[in-house]
Amino acid sequence: EQRRKEEEAERKRKEAEEEEERRRKEEEDVEQKRKEEKEEAERRRKQEEEEERRKKEEEELEQRRKEEAERKRKDEEEEQRRKEEEAEQKRKQEQEEAERKQKEEEERKRKEEEEAEQRRKEEEAERKRKEAEEEEERRRKEEEDVEQKRKEEKEEAERRRKQEEEEERRKKEEEELEQRRKEEAERKRKDEEEEQRRKEEEAEQKRKQEQEEAERKQKEEEERKRKEEEEAEQRRKEE
């Protein structure tokens, strides 16, 4: 009877140790699984962040290239238009100068023929008149040169103003784009942190529930065995 009791006690002790070892291994498996899921989630998050960053950099680079090409095209068109206007202005001036000279030459020849005799008498008066005409022509040409220079300066100033406005607009657009990119990145980071926190809380809650369920089952099993032993002992005594 003493040996039976000792063997029964030894059997219960071994069963308790085996149950404890099984419970400990289950907890280690749960913890290992949670750790692996957390590491996988972190790896996916970093991969998605890197992909999003690369995509945004490519889009920004493409946008800057398009804007630079558009600006260069507009500058080239403006420069071409200015050159064409200058060439047209120069052509008109040369044509007007040629027509003026032709008219003056025709007028001079007509006067020479009509006033050949009179010119001999009035050479001094003719000389003074010509000097006055030359002075008037010089003054008119100087006025035309001044007016042409003023016009060119005005056109250059207008071109610089447009170029500065375009540069300011492009700079402002780049700043706004950068601001939107930063705000979007901050929002995404917060969303990902919130999602990660929620997943971790859910995993921890699940682990606790599983642990509590395992402990409950273990207690029920121990209680069942205890009752079976008591009933067996009672039957033995009765027998």
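Side chains are part of it too, since the values below use all heavy atoms of this structure and drop only hydrogens, waters and symmetry mates.
For the residue pair Gln32/Glu36, the side-chain donor-acceptor check at 3.5 Å is satisfied.
A salt bridge links Arg45 with Glu49: at least one charged nitrogen is closer than 4.0 Å to a carboxylate oxygen. Salt-bridge formation is not detected for the pair Lys141/Glu137: no Lys NZ or Arg NE/NH1/NH2 atom is positioned less than 4.0 Å from an Asp or Glu carboxylate oxygen. Residues Glu133 and Lys130 are not paired through a salt bridge, judged by the lack of any N-O separation under 4.0 Å between the basic side chain and the carboxylate. Looking at Arg73 and Glu70, a side-chain N of the basic residue comes within less than 4.0 Å of a carboxylate O on the acidic one, giving a salt bridge.
Here Glu176 pairs with nothing under the side chain to side chain donor-acceptor pair (under 3.5 Å) rule; sequence neighbours left out. Residues passing the side chain to side chain donor-acceptor pair (under 3.5 Å) test with Arg216, sequence neighbours excluded: Glu213, Glu220. In terms of the salt bridge (charged side-chain N to carboxylate O under 4.0 Å, His left out) criterion, residue partners of Glu88 (sequence neighbours excluded) are, by chain and number, Arg91. Under the rule for a side chain to side chain donor-acceptor pair (under 3.5 Å), the partners of Glu183 that lie at least two apart in sequence or sit in another chain are Gln179. For Glu27, the salt bridge (charged side-chain N to carboxylate O under 4.0 Å, His left out) criterion is met by Arg23, not counting sequence neighbours. When the salt bridge (charged side-chain N to carboxylate O under 4.0 Å, His left out) test is applied to Glu194, the partners found at least two apart in sequence or on another chain are Arg197. The salt bridge (charged side-chain N to carboxylate O under 4.0 Å, His left out) test applied to Arg110 returns Glu107, Glu114, not counting sequence neighbours. Residues satisfying the side-chain contact (heavy atoms from CB on, under 4.5 Å) test with Glu131, not counting sequence neighbours, are Arg127. Judged as a side-chain contact (heavy atoms from CB on, under 4.5 Å), and not counting sequence neighbours, the contacts of Gln196 are Lys38, Ala41, Glu200. Listed by chain and residue number, Arg224, Lys225 satisfy the side-chain contact (heavy atoms from CB on, under 4.5 Å) test with Glu221 (two or more places apart in sequence, or in another chain). Scored by the side chain to side chain donor-acceptor pair (under 3.5 Å) test, Glu175 finds no partners at all (sequence neighbours excluded). Every residue two or more places apart in sequence or in another chain that forms a side-chain contact (heavy atoms from CB on, under 4.5 Å) with Glu1 is listed here: Arg4, Lys5, Arg236.
Distance check, rounded to the nearest 0.5 Å: CD of Glu202 to CZ of Arg34 gives 13.5 Å. Glu48 contributes atom CD, which lies 9.5 Å from atom CZ of Arg43 (distance to the nearest 0.5 angstrom). The CD atom of Glu147 sits 8.0 Å away from atom NZ of Lys151, with the distance rounded to the nearest 0.5 Å. To the nearest 0.5 Å, the span separating CD on Glu195 from CD on Glu192 amounts to 9.5 Å. Here Glu228 contributes atom CD and Glu233 contributes atom CD; the two are 14.0 Å apart, rounded to the nearest 0.5 Å. A distance of 10.0 Å separates CD of Glu18 from CZ of Arg13, quoted to the nearest 0.5 Å.
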Should Gln218 and Glu222 be marked as a side-chain hydrogen bond (donor to acceptor under 3.5 Å, both in side chains) after you check the CA-CA gap, both sets of side-chain angles, and the distance that decides it? CA-CA 6 Å; Gln218 181 181 357; Glu222 290 175 352; 3.3 Å; yes
Working for side-chain hydrogen bond (donor to acceptor under 3.5 Å, both in side chains), residues Gln205 and Glu201: CA-CA 6 Å; Gln205 182 66 24; Glu201 288 177 353; over 6 Å; no
Working note: Arg180 + Glu184, criterion salt bridge (charged side-chain N to carboxylate O under 4.0 Å, His left out); need CA distance, chi angles, decisive distance, verdict. CA-CA 6 Å; Arg180 289 196 298 273; Glu184 179 64 21; over 6 Å; no
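Surrounding NZ of Lys188 are more than 12 heavy atoms belonging to other residues, nucleotides or ligands, all under 6.0 Å away.
In summary, of the residues considered (Lys46, Arg53, Arg54), a salt bridge (Lys or Arg N to Asp or Glu O under 4.0 Å) with Glu50 occurs for Arg53 alone.
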